[in-house]
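Count residues from 1 along the sequence. Fair warning: this is a prediction, and the values are worked out from it, not measured in the lab.
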Amino acid sequence: MRKIRKAVFPIGGLGTRFLPATKSMPKEMLTVVDRPLIQYAVDEAREAGIEQFIFVTSRGKSLIDDHFDHAFELEETMTRRGKSLSILDSTRSSPGDITIVRQQEPLGLGHAVWCARRIVGDEPFAVLLPDDLMVGRPGCLKQMVDAYAELGGNLICAEEVAPEDTSKYGIITPGESLGSITEVLGLVEKPAPEAAPSNLGVIGRYILQPEVMDILASQEEGAGGEIQLTDALAQLIGQQRFHGVTFSGRRYDCGDKSGFITATLALALERPELAPAIRAFMATA
Ligand code: G1P
């Protein structure tokens, strides 16, 4: 079985839910404690063995490229002042690690993934949506890569969502379940609660076979008038193995203000140097 070496990060979205913060700054650079959202996703991917990081971006996202570059003036000054550069370690990518692909038009998640087809080539790959901040040990993608070594095929991260929220997620028709693995018999993007086959939602982590790119090439618009990854994946069911993996850890939906603030508080409370002051404030709030 081929190792999962490449990961696609679809990060072309406008981030209108966070305006005005995201007027000139990519939403993936919004910071939870002291790391931007994109760095959490990149760190998670690196832990899972990813070697090539494919950012599918759009205009106005170049701050993200800079974040993962060397910063000569900063590093030079820190070194002169005797400061350790280790805090920058996971942001100092090596030549060729990161590939930037432009998504010229905002046509949907499926289209964004398809934009990376030439870089992905004919090997299985991961997709990570940085809006879903996954906290766990090992990380979410590592747990999925471990499951992939047993199962192969296509894997999506699966989590039960509130039944009234099915219209925010891809929803799974579940088959047999064993431990954290559930067979996927069907997928539908953002169904109304009354039409949803279950409340088992797709969370933003995928391990996919390259054939999905051929399907995406002719995928028609789906929910919201967008080319949906979920619709392309639904066509693979029955042709290739397909499972959901329940992540052992916590998810914060950072595409939403309350989820983002919750993530900030939760991760700050895990820092010994920050927790006492925050706890003291919360007790008075
Ligand atoms: C995307 C996918 C959806 C998935 C969700 C997870 O939706 O289309 O299937 O459940 O991510 O976060 P979006 O949140 O981009 O609307």
Side-chain angles (χ1 to χ4, degrees), residues 1-10 40-54 90 109-110 113 116 120-161 166 169-189 197-213 215-216 228-254:
M1 198 175 302
R2 291 181 79 172
K3 183 176 181 289
I4 309 297
R5 300 187 304 135
K6 299 182 180 181
V8 177
F9 299 76
Y40 286 94
V42 164
D43 289 349
E44 181 190 325
R46 193 175 279 116
E47 181 209 4
I50 297 299
E51 295 162 10
Q52 189 168 3
F53 304 81
I54 306 164
S90 73
L109 177 61
V113 170
V120 166
D122 67 350
E123 58 184 284
F125 63 102
V127 177
L128 295 95
L129 311 186
D131 276 1
D132 283 322
L133 174 48
M134 310 300 274
V135 179
R137 282 206 188 127
C140 184
L141 192 64
K142 173 75 171 95
Q143 292 182 24
M144 291 176 68
V145 163
D146 289 347
Y148 181 78
E150 305 283 319
L151 295 163
N154 299 277
L155 297 179
I156 48 185
C157 183
E159 184 180 290
E160 286 198 2
V161 300
T166 55
Y169 297 93
I171 299 290
I172 297 168
T173 306
E176 279 184 32
S177 237
L178 187 63
S180 62
I181 307 298
T182 303
E183 199 184 350
V184 175
L185 299 181
L187 279 171
V188 53
E189 180 69 3
S198 76
N199 67 329
L200 194 58
V202 176
I203 306 306
R205 300 290 183 276
Y206 309 75
I207 293 179
L208 303 176
Q209 297 300 316
E211 288 76 19
V212 71
M213 294 297 193
I215 298 179
L216 283 170
Q228 297 291 353
L229 180 61
T230 305
D231 295 343
L233 295 178
Q235 294 186 51
L236 283 175
I237 298 168
Q239 295 179 33
Q240 295 183 343
R241 288 160 70 88
F242 217 120
H243 294 91
V245 180
T246 306
F247 168 53
S248 152
R250 283 168 296 133
R251 172 178 75 103
Y252 299 100
D253 177 7
C254 291

**Student:** With rounding to the nearest 0.5 angstrom, report the CZ to SG distance, Phe247 to Cys140.
**Tutor:** 5.0 Å
**Student:** Could you tell me whether the side chain of Lys6 and the main chain of Gly121 form a donor-acceptor pair under 3.5 Å?
**Tutor:** no
**Student:** Which pair of heavy atoms, one from Gly153 and one from Tyr148, lies closest together, and at what distance?
**Tutor:** O-CE1, 3.2 Å
**Student:** Between atom CD1 of Ile215 and atom CD of Gln235, what is the distance when rounded to the nearest 0.5 Å?
**Tutor:** 5.0 Å
**Student:** Could you check whether any side-chain N or O of Asn199 sits under 3.5 Å from a backbone N or O of Val161, counting only pairs where one atom can act as donor and the other as acceptor?
**Tutor:** yes
**Student:** Could you tell me which non-hydrogen atom of Ala45 sits nearest to which non-hydrogen atom of Leu128, and how far apart they are?
**Tutor:** CB-CD1, 4.1 Å
**Student:** After noting the C-alpha distance and the side-chain angles of Gln240 and Leu208, does the key distance pass the side chain to side chain contact (heavy atoms under 4.5 Å, CB included) rule?
**Tutor:** CA-CA 10 Å; Gln240 295 183 343; Leu208 303 176; over 6 Å; no
**Student:** With rounding to the nearest 0.5 Å, note down the distance linking CE in Met134 to CZ in Arg205.
**Tutor:** 5.5 Å
**Student:** Quick check: do Leu216 and Leu229 have side-chain heavy atoms less than 4.5 Å from each other?
**Tutor:** yes
**Student:** Donor-acceptor pair, Asn154 side chain versus Phe242 backbone, under 3.5 Å?
**Tutor:** no
**Student:** Which heavy atom of Pro130 sits nearest a heavy atom of Pro10, and at what distance?
**Tutor:** CD-O, 4.4 Å
**Student:** Examine distances only and state if a side-chain atom of Glu123 and a backbone atom of Ile4 form a donor-acceptor pair shorter than 3.5 Å.
**Tutor:** no
**Student:** Using the salt bridge (Lys or Arg N to Asp or Glu O under 4.0 Å) criterion, which residues pair with Arg241? Sequence neighbours excluded.
**Tutor:** none
**Student:** Has the side chain of Glu47 got a donor or acceptor atom that lies under 3.5 Å from a matching backbone atom of Gly139?
**Tutor:** yes
**Student:** Does the Ser198 side chain pair with the main chain of Ile172, one donor and one acceptor, at a distance under 3.5 Å?
**Tutor:** yes
**Student:** So do Cys254 and Tyr40 actually touch side chain to side chain, heavy atoms under 4.5 Å?
**Tutor:** no
**Student:** Could you verify whether a donor N or O on one side chain and an acceptor N or O on the other, from Ser180 and Thr246, lie under 3.5 Å apart?
**Tutor:** no
**Student:** Would you name the heavy atoms of Ala158 and Ile203 that are closest together and state the gap between them?
**Tutor:** C-CG1, 4.4 Å
**Student:** In the structure I gave you, are the side-chain heavy atoms of Val42 and Ser90 within less than 4.5 Å of one another anywhere?
**Tutor:** no
**Student:** Do Thr230 and Tyr169 make a side-chain contact, defined as non-hydrogen atoms from C-beta onward lying under 4.5 Å apart?
**Tutor:** no
**Student:** Should Gln239 and Glu211 count as side-chain neighbours, where that means a heavy-atom distance under 4.5 Å?
**Tutor:** no
**Student:** Enter the distance from Leu236:CG to Gln209:CD here, rounded to the nearest 0.5 Å.
**Tutor:** 8.5 Å
**Student:** Determine whether Thr173 and Val184 make a side-chain contact, defined as any pair of heavy atoms from C-beta on separated by less than 4.5 Å.
**Tutor:** no
**Student:** Could you state the interatomic distance from CD (Glu189) to OG1 (Thr166), rounded to the nearest 0.5 Å?
**Tutor:** 11.0 Å
**Student:** Please identify each residue that fulfils salt bridge (Lys or Arg N to Asp or Glu O under 4.0 Å) with Arg251, with sequence neighbours left out.
**Tutor:** Asp132, Glu159
**Student:** The test is side chain to side chain contact (heavy atoms under 4.5 Å, CB included); show your working for Val212 and Phe125 and say whether it passes.
**Tutor:** CA-CA 10 Å; Val212 71; Phe125 63 102; 3.8 Å; yes
**Student:** Under the salt bridge (charged side-chain N to carboxylate O under 4.0 Å, His left out) definition, can you give me all pairs with a residue in residues 169-186, not counting sequence neighbours?
**Tutor:** none
**Student:** Rounded to the nearest 0.5 Å, what separates atom CD in Glu44 from atom CD in Gln143?
**Tutor:** 9.0 Å
**Student:** Name the residue from Leu129, Val113, Leu155 that meets the side chain to side chain contact (heavy atoms under 4.5 Å, CB included) definition with Tyr206.
**Tutor:** Leu129
**Student:** Please give me the minimum heavy-atom distance between Leu185 and Gly175, naming the atom from each residue.
**Tutor:** CD1-CA, 3.5 Å
